[in-house]
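Below is one structure, written out as structure tokens; comments come after it.
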Amino acid sequence: MDHLVASLADGLLLGFVYGLAAMGLTIIFGVMDVVNLAHGPLIALGMFGILLLAGASGAGLHPYVALIVVAFIGLAFGFIIYFIAVHRILEAPHLSSLLSTFSINMMIIGVGTAVFTTSPQNVEFSLGSVQIGSVTLLGTRLVAALIALSVTGLLYLFLYRTPPGKAIRAVANNRAAAELMGIPATQTLALSFGIGSMLAMLSGGLIATFFSFNILSGGIYELKSFVIVVLGGLGNPTGALLGGLILGAIEGIVPTFMPVSWVPVIEFLLFVIIMVVRPSGLLGER
Amino acid sequence: MTTVMEVNGIASGYGEVQILWNVSLKLEKGKLTSLVGSNGVGKTTLLKTIMGLVKPWQGNVVFHGKDITGLAPHTKASQGLVLVPEGRQLFTDMSVYENLEMGAFSKRSKANFHQNLEKVYDMFPRLKERASQKTGTLSGGEQQMVAVARGLMSEPDVLMIDELSLGLAPFLVLDLFEILRRLRKEGLTMLLVEQNVQMALAVSDYAYVVADGRVEIEGPSNEVAANAKVREAYLGI
């Protein structure tokens, strides 16, 4: 029983971080109807950002300070990707945006493999552990969950309380009307893409503080993000957080009574069931 | 009299299909100008072309003496040229208040936000009651009020309204035309695009009648209303 509670707690902590990654994907989809296939490599870049800035042979920053730097790099990457690969295909059919973001995916992975190889890396960092009753929680995971939760809170404050955040919601809701109200749609779309890619890199950075990784690791988390996003409802950040927690819980609990290799099977089974039973997701409308 | 906006020889359309031929019009300061005609003669296309949502093939738009033809729609809006689009085009997932806030997005309108909000709430008390409600859940008439109010929140120098009366119950149409009279009295320059020719001619100072993508008749509204051709074709008299 204790073991089960511990695994569940561990999984839920991870779930917050997955939720953060999925939020990046869902925001971009919600605002501009683009499925960002460069999401995984961006997560991986977040991991390498932490490695380069805070790893053993890195720049010597504290990992959480490095995370702030990684967030801004993520924002900048998002702007660049938007203007290179997304802006001109916004009005084109979905296949175009899939191809163009997939190209970005290939470029990042290609360059990343050349520069970093695919051997596993890790950021040697530990915060010890916290004992709550009979449950032991890893410090790095606890902090990661808290950071993910705070970022989610900040994201909501941004979207619901600040003019640029409201502009993002307005553009997501009706782009032409937003233009007519004096909202610069292009800048707002670029900002949304920047935020989406920032969330991806942040989640990658957090994962790097407790898991080893290589340049291809983002792919796994990208798949998880897809499951989470569909679970929670496309375009819905709260749904992404909820989906993340569900996925985290599954990852925590399933290995206690099945081989770990069954985890993706269960996850994708859930994905298929949701697609059939409630295609709009748990928190999606309709 | 000063001309606030001038549209000169606009030709435009979609793809290969030309919709407008050499359309010119002038908006005088503080006047309510109407653009009337049947469905599908290019009235909405003209407004879209003026705003830059559709690129003109020929001609230009002069606003406050400057050629603004090539500017992006949001730039035009932030300079005070505001369109209340056909079909309302509200931010349906956002509250009434947030829609009004988005109307006041540009710098020029942000400064007087509270003052303008008071004014708009005074004009449409219903919106004050519904401030926190999502606009997607409002009735058609209330949505049209939000659309006009949102446009007014931009502090327009020229307010263009596309099909104010479309799909609304007659008593609501009367209310909204009353609002137009009030705005005109306050000195707002407006361009009203309407299928409801009779109402539009009754409320406006000057009118353009559009048919087949061209301006067919223009003149002071009372003269246009007295025109035999107009009476026969649009007023059914």
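Chain identifiers are assigned alphabetically (A, B, ...) following the order of the sequence lines, protein sequences preceding nucleic acid strands; residue numbering begins at 1 within each chain. This one's a predicted model, so the numbers in the text were calculated from it and none came from an experiment.
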When you compare the side chain of [Y] with that of [X], does any pair of heavy atoms fall below 4.5 Å?
X: B/Q89; Y: A/N174; result: yes
X: A/R169; Y: B/E98; result: yes
X: B/S106; Y: A/M181; result: no
X: B/F105; Y: A/P164; result: no

Answer yes or no: are there more than 12 heavy-atom neighbours, outside [X] itself, under 6.0 Å from its atom [atom1]?
X: B/K110; atom1: NZ; value: yes
X: A/F158; atom1: CZ; value: yes
X: A/K224; atom1: NZ; value: yes
X: A/R88; atom1: CZ; value: no
X: B/R126; atom1: CZ; value: no

Worksheet item: Tell me, side chain or backbone of A/A172 under 4.5 Å from chain B's heavy atoms, or both, or neither?
Response: neither
Discussion item. Quick check: closest heavy atoms across A/A170 and B/M102, and the distance to 0.1 Å?
Written reply: CB-SD, 3.8 Å
Fill in: Taking every non-hydrogen atom, the tightest pair across A/G182 and B/A77
N-CB, 3.5 Å
Worksheet entry | Candidate pair A/L180 and B/L53, rule side chain to side chain contact (heavy atoms under 4.5 Å, CB included), full reasoning | CA-CA 9 Å; A/L180 289 178; B/L53 293 171; 3.8 Å; yes
Go through the atoms of [X] and report whether side chain, backbone, both or neither lie under 4.5 Å from a heavy atom of chain A.
X: B/L90; value: backbone
X: B/M51; value: side chain
X: B/R88; value: neither
X: B/Q79; value: neither
X: B/S154; value: side chain

Worksheet item: Checking side chain to side chain contact (heavy atoms under 4.5 Å, CB included) for the pair B/M94/A/K166: CA distance, chi angles, key distance, verdict?
Response: CA-CA 9 Å; B/M94 300 171 84; A/K166 287 180 184 184; 4.3 Å; yes
Item to complete: Taking A/N173 for its side chain and B/D93 for its backbone only, find out whether a donor-acceptor pair lies under 3.5 Å.
Response: yes
